[in-house]
Amino acid sequence: MTKTTVAESGSVGVASKRPAKTRKARLRTPAAPPTAGALPATVEPRPCANADDVAEAAARRNIDRMINAALGRLTQGLSPVTMAASYADWWLHLAMAPGKQKELVEKALRKAARLATYSARAVSGETPRCIEPLPQDKRFAAPQWQRWPFNVIHEAFLLVQQQWHNATTDVSGVSQHHEQVSTFMTRQLLDMVSPSNFFATNPELIARTAEEGGANLVRGAQYWRDDALRLLSGEPAEGTERFRPGYEVAVTPGKVVYRNDLIELIQYAPQTDTVYADPVLIVPSWIMKYYILDLSPENSLVRYLVERGHTVFMVSWKNPDSSDRDLGMDDYLEQGVFAALDATTQIVPKRPVNAVGYCLGGTLLAIAAATLARDEDTRLGSLTLLATELDFTEPGELSLFIDESQLAYLEDIMWERGYLDGKQMAGAFALLNSRDLVWSRMVRDYLFGVRRPMTDLMAWNADATRMPYRQHSEYLRSLYLNNDLAEGRYRVDGLPIALTDIRAPTFVVGTERDTVSPWKSVYKIHLLTDTEVTFCLTTGGHNVGVVNPPGPGVTRSHQITTRAADGRYVDPDTWIASAPSIDGSWWPSWEPWLSARAGARVAPPSMGAPRAGLPVVGDAPGQYVLIS
């Protein structure tokens, strides 16, 4: 047995089939230099350079970083160089494509003629639309939008929107990435000037104002003032104070049984007389606080499992600050997943662990599983991956933020503080669906004067976390930019790992409207592993699709099938057309799968393992989740 000293919790026993010497050295050794392509914290001197030249070069580089960091606050972390290069690529190739120009002119003339005909008929009465909005676009769904002149106004807007989409796509010679960026940014600009955003062109708003005698505008002005003051003072959104970890959310009883400089490990108290012998270890993403899986009791996945007899352990990541700038992916693997696994197997010895990973926590868990398989460590009994990508060639609209220019820009932003502020990242994510998350919300709050009630999930989403400089750069480059994990180049302890080494049966959940981990990218696990894979596709998005408890009034559904370890590949389009659909939450479909791999029912284990150096060090939800 090897003992490792950790902050605030004394000595902690660690038992593992992996080389203890490697882990001990990694925990105590300063972080290695950034991976290839990452910006160093300082400028390394060339062999023959004198000290003055080195200092001058460093000073010049620091000026560039400070300027980019300042710009980053205005652009929500989007590189202006990437945007400029994308539009330049598009415009120059369009300028050299007279055939495409001719096509656009012809389409514009046809749209103008269609709109003119529609306008003439719309004055005298109802007439079929000349263009239908996309299914997810609900801005013009109300009956008021079908009355003249607002029907003509919004139809004209949709035609212009369609024309710009035609103009920015399918231009020969434009790189796929630049096409995606220019199309995305053009859509953002058009969404800003949507007729639904302005009083004079929004018939719903005009009618509401007339009904209330302008009271809605007064309320909206008050909401705007309150939000502006909260933003300037750094306070969270109104209503989040009603969802405090340990009081209203994250209240499933448990104890912190392990703590180091990066994680706390929570062991939840049993709520049944007997429990399944094999424990469950949950690894959430480090870019979110863990309690998304332990929200209000009725929405808590942790409580759902504990009430059904599972012994659940949860990793709670520390919210890093400037002192953690040099933490890297290896630290998150060793001090995070492996440290939690070691502690779990000390408390519940000689039993395999059913590991669950969410989002990037699932990616990190898959890296750990491949490492354990390479090292012939059999402690993982099964894997469950929730909205988790392992192949990053098609990460959806997140790819807009991933290129060399964008990453260099982000690294300059992070260099100033040593971390990326979670609020800044949340702003970038909001841009992915600005129509609903930005403009429609502003119209509803500040013009209609209607506040959507704060929910536990919304309050959690406002509880932003930070990402360390080095680790954030490493995972963006190695996973998103270079796709090292899927292509066999990712190394742990200096040796490559392969996802095909994983033999544990795997349950994978994708969500239909996921813009962070698109379900077709999640589905690619069928191409990356040779083990048994049960794939479940549920309705909802990245968060709502996962936090999907069963109960009355649930309108969701899911599709689910299992591919045997020697089964044949089925492409995602064929799969979704043929997989059976089940009404309701996916939780009741997953829990029996988990129980079948959790062993017999036995007496509950002790809370912690004091004799193994794992005493209880505090009550759940712990200290790290409270760091803002």
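- Partner of Arg489 under the side chain to side chain donor-acceptor pair (under 3.5 Å) criterion, chosen from Asp484, Asn483, Asn482: Asp484.
- Looking at every heavy atom in both residues, Lys520 comes nearest to Pro572 through CG-CB, 4.1 Å.
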Take Asp583 and Ser557 through the side-chain hydrogen bond (donor to acceptor under 3.5 Å, both in side chains) test and state the conclusion after the steps. CA-CA 4 Å; Asp583 290 336; Ser557 63; 5.1 Å; no
For the pair Ser589 and His558, evaluate side-chain hydrogen bond (donor to acceptor under 3.5 Å, both in side chains) and give the outcome as yes or no after the intermediate values. CA-CA 9 Å; Ser589 293; His558 60 282; 2.7 Å; yes
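- Under the 3.5 Å distance criterion, with hydrogens and angles disregarded, no donor-acceptor pair is assigned to the side chains of Asp456 and Tyr291.
- A salt bridge links Glu394 to Lys524: one of the charged nitrogens lies within less than 4.0 Å of a carboxylate oxygen.
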Chi angles and distances behind the salt bridge (charged side-chain N to carboxylate O under 4.0 Å, His left out) call for Asp619, Lys255: CA-CA 4 Å; Asp619 293 326; Lys255 300 291 183 181; 2.4 Å; yes
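- Of all heavy-atom pairs spanning Pro253 and Gln271, the tightest one is CD-NE2, 3.8 Å.
- The closest donor-acceptor contact from the side chain of Ser585 to the backbone of Asn548 lies under 3.5 Å.
- A cation-pi arrangement, defined by a distance under 6.0 Å to the six-membered ring centre and an angle within 45 degrees of its axis, is absent between Arg563 and Tyr569.
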Quick one: do Tyr332 and Asp330 satisfy side-chain hydrogen bond (donor to acceptor under 3.5 Å, both in side chains)? Show the steps, please. CA-CA 5 Å; Tyr332 273 69; Asp330 285 347; over 6 Å; no
Dump the intermediate steps for ring-ring contact (aromatic ring centres under 6.0 Å, His included) on Tyr523 and Phe535, then the final yes or no. CA-CA 8 Å; Tyr523 187 86; Phe535 188 81; 5.0 Å; yes
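- Taking every heavy atom of both residues into account, Gln471 and Trp286 meet most closely at NE2-CE2, 2.9 Å.
- A donor-acceptor pair under 3.5 Å is absent between the side-chain atoms of Thr511 and the main chain of Gly545, judged by distance alone.
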Apply salt bridge (charged side-chain N to carboxylate O under 4.0 Å, His left out) to residues Asp501 and Arg374 and explain how you reach the verdict. CA-CA 7 Å; Asp501 288 342; Arg374 181 198 67 188; over 6 Å; no
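- Of the possible donor and acceptor atoms, one in the side chain of Gln559 sits under 3.5 Å from a partner among the backbone N and O of Ile576.
- For the residue pair Thr465 / Trp317, no side-chain donor-acceptor distance below 3.5 Å is found, with atom types taken as modelled.
- In terms of heavy atoms, Thr252 sits closest to Ala620 at O-CB, 4.3 Å.
- Contact of the Tyr358 side chain with the Ile292 side chain is registered, since non-hydrogen atoms from C-beta on lie closer than 4.5 Å.
- Under a 3.5 Å cut-off, the side chain of Asp391 and the backbone N or O of Thr393 do form a donor-acceptor pair.
- Between the side chain of Thr345 and the main chain of Asp342, a donor-acceptor pair closer than 3.5 Å is present.
- Contact between Pro518 and Glu389 at its shortest, heavy atoms only, is CD-OE2, 3.9 Å.
- The environment of CZ in Arg513 is sparse: at most 12 heavy-atom neighbours from other residues, nucleotides or ligands sit within 6.0 Å.
- Formation of a donor-acceptor pair under 3.5 Å by the Lys318 side chain with backbone atoms of Tyr624 is not found in this model.
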One pair to check against salt bridge (charged side-chain N to carboxylate O under 4.0 Å, His left out): Asp326 and Arg470. What are the steps and the verdict? CA-CA 5 Å; Asp326 290 323; Arg470 179 170 172 238; over 6 Å; no
Stepwise side-chain hydrogen bond (donor to acceptor under 3.5 Å, both in side chains) check, Glu411 with His472: CA-CA 9 Å; Glu411 286 161 350; His472 195 58; over 6 Å; no
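- Contact between Tyr290 and Ala250 at its shortest, heavy atoms only, is OH-CB, 3.8 Å.
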